[in-house]
Amino acid sequence: MPAQLNVNASPSPSSVASPRKLGRASANQWLQSFSHPSVLNQFQGKLLDWYETSGRDLPWRRLPDLNDPYRIWTSEVMLQQTQVKTVLPYYNRWFEVFPTVESLAIADQQQVLKAWEGLGYYSRARNFHRAAKIVVEKHSGQFPKSLEAAQDLPGIGRTTAGGILSNAFDLPVPILDGNVKRVLSRLVALPVPPAKAMDALWFVSELILSGDRPRDFNQALMDLGATVCLRKNPTCLLCPWMSYCQAYRTNQTTIIPMTESKGPLPHKVIGVAVIENEQGEILIDRRLEEGLLGGLWEFPGGKVEPGESMEECVKREIKEELALDIEVGEELIVVNHAYTHFKVSLHVHLCRYLGGEPKAIASQEVRWVTLDTIDQYPFPKANTKIIEALKKRS
DNA sequence: GAATCGTGGCG
DNA sequence: TCGCCAAGATT
């Protein structure tokens, strides 16, 4: 592969300089310098030395866990789009429930989702569960050591596969997560948002990867992004690559990596029913397998239509989705919650069951439960606030 | 290729 | 309060 960065996804190795070529001639010349082994070796050594003294102490790096691919795998999946601080308690708790890949493979999905509850992006848990079954059944319980086989597992893309293979087996496979994107974008002074130059960034990540110590190098790269090359206020004076960094040299660290601003998030107003029967039980439903919050439990409800009152909305939704007749009572709580692509306000009403057999029309399953047993079901965050309000009331 | 998919923390 | 986004993958 030519030592040249093409911002476009086009793999064609044109040697003609053009505005679409990353950083133009100067940047390509800068990259060319890494084709000299001595230059590259010194560059890598700077980061590896920094890692020895300033790297983070994280559970998935400690012996003897280091050689347990299942634990490495778990960390990589939990860390997708999720910060280390958030992951730590989940990570430590996980192995009390699922100590081995075999135990995960034979587990019930509801148990898996319960252990994942609150961590978000629940397709990660469902895919992890599926992948564990595949590893046990088709790979004799051993995590595959090839990039292709690893990426064939559900929930494992190129970055996660590289993270597992390099960290668990010390294989020279590049990574490109959020930290590395930011570090490399600044290193080469990427003139476009990272999403527009993924091929170029992968090329750099592979180019600079240490062949001798790929595990430490990749881990160091992520640590650098997480502790020094911060999104805001990076501490460049502490950076082992300060003299190599094109963004620092050209005073562009505040605008690189570049971002494309988006408009305001849409806001949905939802009517939600807490339906209580004569036994004091409450009706919950399990969401469809695919899509938002798939497989988790919730209190039923739906969007308010134009010109509709909240009471009318709740009554209609319960009729449509559960075939139940209810009497809509007082408002229990309003829960505001922001997802990645929209915001919601859940207007929760206490409701009285009047009649009908609940049917899972828009869900996988419905169930009458008591407040004493409701904690064993996995709920999304917005719904746990409702449960808290219910417990406080009783 | 663009949308979708959670939650928490930050300025 | 609000926008941004963090160890991305999937469709």
Side-chain angles (χ1 to χ4, degrees), chain A residues 8-10 56 58-61 72-91 113 116-128 130-131 150-168 173-184 193-196 198-199 201-202 205 218-227 229-233 254 257-267 287-296 298 335-344 378-385:
Chain A
N8 272 352
S10 152
R56 292 175 293 181
L58 300 172
W60 42 90
R61 291 178 184 167
I72 302 287
W73 180 12
T74 304
S75 75
E76 290 292 339
V77 174
M78 286 187 172
L79 287 162
Q80 289 169 0
Q81 295 295 101
T82 309
Q83 294 183 339
V84 168
K85 183 181 177 183
T86 304
V87 164
L88 284 176
Y90 286 89
Y91 182 79
L113 287 173
W116 203 271
E117 181 184 50
L119 198 50
Y121 284 131
Y122 298 96
S123 66
R124 292 184 296 174
R126 302 194 304 270
N127 287 332
F128 190 15
R130 287 171 51 204
Q151 280 192 248
D152 278 342
L153 294 170
I156 297 183
R158 189 173 175 185
T159 282
T160 300
I164 297 171
L165 293 182
S166 64
N167 194 13
V173 187
I175 57 173
L176 190 56
D177 55 22
N179 286 315
V180 179
K181 283 179 198 169
R182 186 170 56 257
V183 170
L184 300 187
K196 304 289 186 187
M198 291 301 286
D199 284 4
L201 291 171
W202 274 112
S205 182
N218 278 345
Q219 295 297 312
L221 202 48
M222 290 188 282
D223 275 16
L224 190 67
T227 65
C229 195
L230 305 171
R231 184 166 60 89
K232 292 184 178 181
N233 302 321
T254 56
M258 296 183 174
T259 60
E260 33 199 348
S261 59
K262 298 160 188 171
L265 299 178
H267 185 258
R287 294 176 62 90
L288 297 177
E289 186 72 6
E290 303 295 325
L292 185 72
L293 307 168
L296 275 70
E298 67 174 3
V335 177
N336 292 306
H337 194 77
Y339 295 95
T340 305
H341 285 84
F342 63 95
K343 294 185 284 188
V344 291
F379 281 89
K381 199 64 184 176
N383 275 249
T384 62
K385 294 177 183 174

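Each chain gets a letter, A, B and so on, in the order its sequence line appears, and its residues count up from 1. Only this structure's heavy atoms are used, side chains among them; waters, hydrogens and symmetry mates stay out.
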Any A/H337 side-chain nitrogen or oxygen under 4.0 Å from OP1 or OP2 of B/dT7: yes
Atom-to-atom span, NZ of A/K196 to C1' of B/dG1 - whole angstrom: 9 Å
side-chain N/O A/Y90 vs B/dT7 OP1/OP2, d < 4.0 Å: no
Nearest-angstrom distance from the residue atom CG of A/L293 to P of B/dC5: 9 Å
Evaluation steps, side chain to side chain donor-acceptor pair (under 3.5 Å), between A/R124 and A/Q80: CA-CA 9 Å; A/R124 292 184 296 174; A/Q80 289 169 0; 4.8 Å; no
A/L292 CG to C/dT10 P, straight-line distance once rounded to whole Å: 18 Å
Length of the line joining A/K385:NZ and B/dG8:C1', which is rounded to integer Å: 11 Å
Side-chain heavy atoms of A/T227 within contact of A/R56, under 4.5 Å: yes
Give every pair of a protein N or O atom and an N or O atom of nucleotides 5-9 of chain C that lie under 3.5 Å apart, one pair per line with the distance.
| from | atom 1 | to | atom 2 | distance (Å) |
| --- | --- | --- | --- | --- |
| C/dA7 | OP1 | A/N179 | OD1 | 3.3 |
| C/dA7 | OP1 | A/N179 | ND2 | 2.8 |
| C/dA7 | OP2 | A/N179 | OD1 | 2.3 |
| C/dA7 | OP2 | A/N179 | ND2 | 3.2 |
| C/dA7 | O5' | A/N179 | ND2 | 3.1 |
| C/dA7 | O4' | A/D177 | OD2 | 2.7 |
| C/dA7 | N6 | A/W60 | NE1 | 2.6 |
| C/dA7 | N1 | A/R56 | NH2 | 2.9 |
| C/dG8 | OP1 | A/G178 | N | 2.6 |
| C/dG8 | OP2 | A/Q81 | N | 2.7 |
| C/dG8 | OP2 | A/Q81 | OE1 | 3.1 |
| C/dG8 | O5' | A/Q81 | N | 3.3 |
| C/dG8 | O5' | A/Q81 | OE1 | 3.4 |
| C/dG8 | O3' | A/T160 | OG1 | 3.4 |
| C/dA9 | OP1 | A/G157 | N | 2.9 |
| C/dA9 | OP1 | A/G157 | O | 3.4 |
| C/dA9 | OP1 | A/T160 | N | 2.9 |
| C/dA9 | OP1 | A/T160 | OG1 | 2.7 |

Residues which pass salt bridge (charged side-chain N to carboxylate O under 4.0 Å, His left out) with A/R231, listed by chain and number, not counting sequence neighbours: none
Validation row, ring centre A/W116 to ring centre A/Y121 under 6.0 Å: no
Closest contact, heavy atoms only, A/M78 versus A/V87: O-CG2, 3.3 Å
Nearest-Å distance once atom P is located in both C/dA7 and B/dA2: 24 Å
Spacing of A/F342 atom CZ relative to C/dC2 atom P, expressed in whole Å: 17 Å
A/K343 NZ - B/dT4 P separation (whole Å): 16 Å
DNA chain C: 5'-proximal contact among A/E290 and A/L265 (nearest heavy atom): A/L265
Separation of atom NE2 in A/H341 from atom C1' in B/dT7, rounded to whole Å: 14 Å
Gap between atoms CG and P, on A/N383 and B/dG6 respectively (whole Å): 13 Å
P gap between B/dA3 and C/dC4, integer Å: 15 Å
Any side-chain heavy-atom pair of A/N218 and A/N167 under 4.5 Å: no
First encountered from the 5' end of DNA chain B, between A/N233 and A/R124: A/R124
Between B/dG6 and C/dT11 - P atom distance, rounded Å: 14 Å
Contacts of A/Y339 that satisfy ring-ring contact (aromatic ring centres under 6.0 Å, His included) - sequence neighbours left out: A/H337, A/F342
Sugar-phosphate only, base, or nothing, as touched by A/G118 at under 4.0 Å among non-hydrogen atoms: sugar-phosphate
